[in-house]
Chemist: 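The structure's right below; bear with me while I get my questions together.
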Amino acid sequence: MQIIEKYIRKAPKGISCHDFCVGVTRQIRNHYKNKDIPRLTEHPEDRLTASAVIFSRLNRQIWMIGDCQCMVGGEYYDNPKPYEQELAERRAEIILSGTEPKEYYLTDDTARQQIIPLMLETMKQQNVTYSVIDGFHIPEQYVRVITLDFQPWEIILASDGYPFLCPTLQKSEAKLAWQRQNDPLNIGQFKATKAFKKGNNSFDDRTYIRFKV
């Protein structure tokens, strides 16, 4: 995240989506040692990996690289990993069919442990069938690009740590709090590959920014 942040701050203001993908990939790649490249090629789970959603003011475009989400004029967009929901469904099935009380999984999520081998297997498709920023070539057909016209727009950019993205931060946080209170395992209407750990007010990282252009 810090490497990408530094790259964004220094990138030319008129940079294209293609040039951004090439440049940020090079920036991450420079942090790898040459001797590590063969291993990282075979083991994507060991790469420095992040998603990003970026608004280019000059291009009037939103670039969604990886599993992030946004709202444009009230319309919702996302760019999910293709296997994430399937894995989340599998974890929910394990918990719901298990003999342990549900509270057990809040301290020892053995259901997640069971899907981790599948998660590692799907990561082999990283920058093959879905896009991320990880120092390897980004297939741009999996970067979602939203082009805006020149009328005024309200834009929300967010990470996938908000299970229900809303038009305000307050409402998004309220939905997150409702989820934590009513379904901390994330196995109901909203399913995830992990739960809210005890003592945490979120199950994943979260970022939310709202602005008008």
Side-chain angles (χ1 to χ4, degrees), residues 1-8 17-18 20-54 63-70 78-95 98 105-144 157-163 184-187 190-200 202-207:
M1 179 273 293
Q2 293 176 341
I3 297 169
I4 296 169
E5 178 192 14
K6 289 178 182 178
Y7 180 78
I8 291 173
C17 181
H18 169 75
F20 177 85
C21 289
V22 171
V24 77
T25 295
R26 185 184 305 115
Q27 195 80 358
I28 299 292
R29 188 78 167 218
N30 288 341
H31 283 261
Y32 297 147
K33 296 178 181 178
N34 288 334
K35 65 181 179 63
D36 291 332
I37 297 301
R39 177 179 60 82
L40 294 173
T41 300
E42 294 295 323
H43 295 278
E45 69 273 15
D46 291 337
R47 300 175 191 169
L48 300 173
T49 303
S51 300
V53 54
I54 297 158
W63 308 329
M64 306 180 77
I65 309 172
D67 51 348
C68 43
Q69 53 185 339
C70 72
D78 65 355
N79 192 35
K81 293 177 183 175
Y83 314 103
E84 191 85 4
Q85 192 58 37
E86 182 180 330
L87 291 170
E89 295 279 356
R90 176 60 184 148
R91 175 179 165 272
E93 288 174 6
I94 293 170
I95 294 174
Y105 295 96
L106 290 173
T107 54
D108 187 9
D109 195 345
T110 53
R112 176 174 172 81
Q113 293 169 19
Q114 289 185 55
I115 67 168
I116 283 178
L118 297 173
M119 293 174 67
L120 294 176
E121 189 65 26
T122 61
M123 288 178 72
K124 292 179 180 178
Q125 298 301 310
Q126 190 166 301
N127 275 336
V128 178
T129 61
Y130 65 92
S131 65
V132 292
I133 301 172
D134 66 356
F136 286 73
H137 171 72
I138 299 172
E140 292 177 43
Q141 67 268 33
Y142 300 118
V143 176
R144 187 164 192 174
L157 309 179
S159 68
D160 64 345
Y162 286 103
L185 287 172
N186 294 325
I187 58 173
F190 170 75
K191 295 180 177 65
T193 57
K194 52 190 168 184
F196 290 78
K197 290 185 178 180
K198 283 193 173 181
N200 291 359
S202 186
F203 65 95
D204 206 346
D205 63 280
R206 63 194 196 276
T207 300

Chemist: Quick one: side chain to side chain donor-acceptor pair (under 3.5 Å) partners of Glu5, sequence neighbours excluded?
Modeler: Arg9

Chemist: Just verifying a value: how many Å separate Arg90 CZ and Ile95 CD1, rounded to the nearest 0.5 Å?
Modeler: 11.0 Å

Chemist: For residues 36-46, which residue pairs qualify under side chain to side chain donor-acceptor pair (under 3.5 Å), counting only residues two or more places apart or in two chains?
Modeler: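 Every pair satisfying side chain to side chain donor-acceptor pair (under 3.5 Å) with a residue in residues 36-46: Arg39-Asp46, His43-Glu45.
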
Chemist: Can you see which heavy atom on Asn186 is nearest to which on Phe203, and at what distance?
Modeler: ND2-CG, 3.6 Å

Chemist: Just checking Gln141: does its CD atom have more than 12 heavy atoms from other residues, nucleotides or ligands closer to it than 6.0 angstrom?
Modeler: yes

Chemist: Find the distance between OG1 (Thr193) and CD (Glu89) and round it off to the nearest 0.5 Å.
Modeler: 12.0 Å

Chemist: For Gly161 versus Asp204, what's the shortest heavy-atom pair and its separation?
Modeler: CA-CB, 4.0 Å

Chemist: Just so I know, are the side chains of Asp134 and Ile28 near enough to count as touching, which here means a heavy-atom distance under 4.5 Å?
Modeler: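 They are not in contact (no side-chain heavy atoms under 4.5 Å apart), so the answer is no.
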
Chemist: Indicate yes or no: at least one non-hydrogen side-chain atom of Cys68 is less than 4.5 angstrom from one of Thr207.
Modeler: no

Chemist: To the nearest 0.5 Å, what is the distance between CD (Glu86) and OG1 (Thr122)?
Modeler: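 Going from the CD atom of Glu86 to the OG1 atom of Thr122 covers 9.0 Å.
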
Chemist: Measure the NZ-CG distance between Lys191 and Leu87 for me, rounded to the nearest 0.5 Å.
Modeler: 13.5 Å

Chemist: With Ser159, which residues qualify under side chain to side chain donor-acceptor pair (under 3.5 Å), at least two apart?
Modeler: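 Scan of Ser159 (side chain to side chain donor-acceptor pair (under 3.5 Å), adjacent residues dropped) gives none.
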
Chemist: Can you tell me how far CG of Leu185 sits from CZ of Phe196, rounded to the nearest 0.5 angstrom?
Modeler: 10.0 Å

Chemist: Considering all heavy atoms of both residues, which atom of Pro184 and which atom of Ala195 are nearest to each other, and what is their separation?
Modeler: O-CB, 3.3 Å

Chemist: With sequence neighbours left out, what residues match Ile8 under side-chain contact (heavy atoms from CB on, under 4.5 Å)?
Modeler: Ile4, Phe20, Ile54

Chemist: What's the separation between atom OG1 in Thr49 and atom CD1 in Ile133, rounded to the nearest 0.5 Å?
Modeler: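 Output value for this atom pair is 10.0 Å.
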
Chemist: Do Leu118 and Tyr83 have side chains that approach each other closer than 4.5 Å (heavy atoms only, starting at C-beta)?
Modeler: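 They are not in contact (no side-chain heavy atoms under 4.5 Å apart), so the answer is no.
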
Chemist: Listing request: all salt bridge (Lys or Arg N to Asp or Glu O under 4.0 Å) pairs with a residue in residues 106-132, at least two apart in sequence or in separate chains.
Modeler: Arg91-Asp109, Glu121-Lys124

Chemist: Within a strict 4.5 Å, meaning less than it, do heavy atoms of the Trp63 and Cys21 side chains meet?
Modeler: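 Contact flag for Trp63/Cys21 side chains = no.
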
Chemist: What residues, two or more places apart in sequence or in another chain, satisfy salt bridge (Lys or Arg N to Asp or Glu O under 4.0 Å) together with Lys197?
Modeler: none

Chemist: Using the side chain to side chain donor-acceptor pair (under 3.5 Å) criterion, which residues pair with Ser51? Sequence neighbours excluded.
Modeler: Asp67

Chemist: Ignoring hydrogens, what is the shortest heavy-atom contact between Thr110 and Tyr105? Give both atom names and the distance.
Modeler: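 Minimum heavy-atom contact is OG1-CE2, 3.3 Å.
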
Chemist: State, with a plain yes or no, whether a side-chain heavy atom of Cys70 is found less than 4.5 Å away from one of Met64.
Modeler: yes

Chemist: Which pairs, with at least one residue in residues 117-138 and sequence neighbours excluded, count as a ring-ring contact (aromatic ring centres under 6.0 Å, His included)?
Modeler: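 Listed once each, the pairs would be none.
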
Chemist: Output all residues satisfying salt bridge (Lys or Arg N to Asp or Glu O under 4.0 Å) with Glu140, sequence neighbours left out; order by chain, then residue number.
Modeler: none

Chemist: Could you pull out all residues at least two apart from Gln69 that satisfy side-chain contact (heavy atoms from CB on, under 4.5 Å)?
Modeler: Tyr76, Asp78, Ala158, Tyr162, Leu165

Chemist: Could you walk me through whether Tyr32 and Leu48 pass the side chain to side chain contact (heavy atoms under 4.5 Å, CB included) check?
Modeler: CA-CA 9 Å; Tyr32 297 147; Leu48 300 173; 3.7 Å; yes

Chemist: Please name the pair of heavy atoms, one in Tyr7 and one in Gly23, separated by the smallest distance, quoted to 0.1 Å.
Modeler: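 So the two residues come closest at OH-CA, 3.2 Å.
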
Chemist: Can you name the residues that form a side chain to side chain donor-acceptor pair (under 3.5 Å) with Gln125, not counting sequence neighbours?
Modeler: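 Per chain and number, Gln125 pairs via side chain to side chain donor-acceptor pair (under 3.5 Å) with no residue.
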
Chemist: Are any of the side-chain heavy atoms of Pro139 and Asn127 separated by less than 4.5 Å?
Modeler: yes

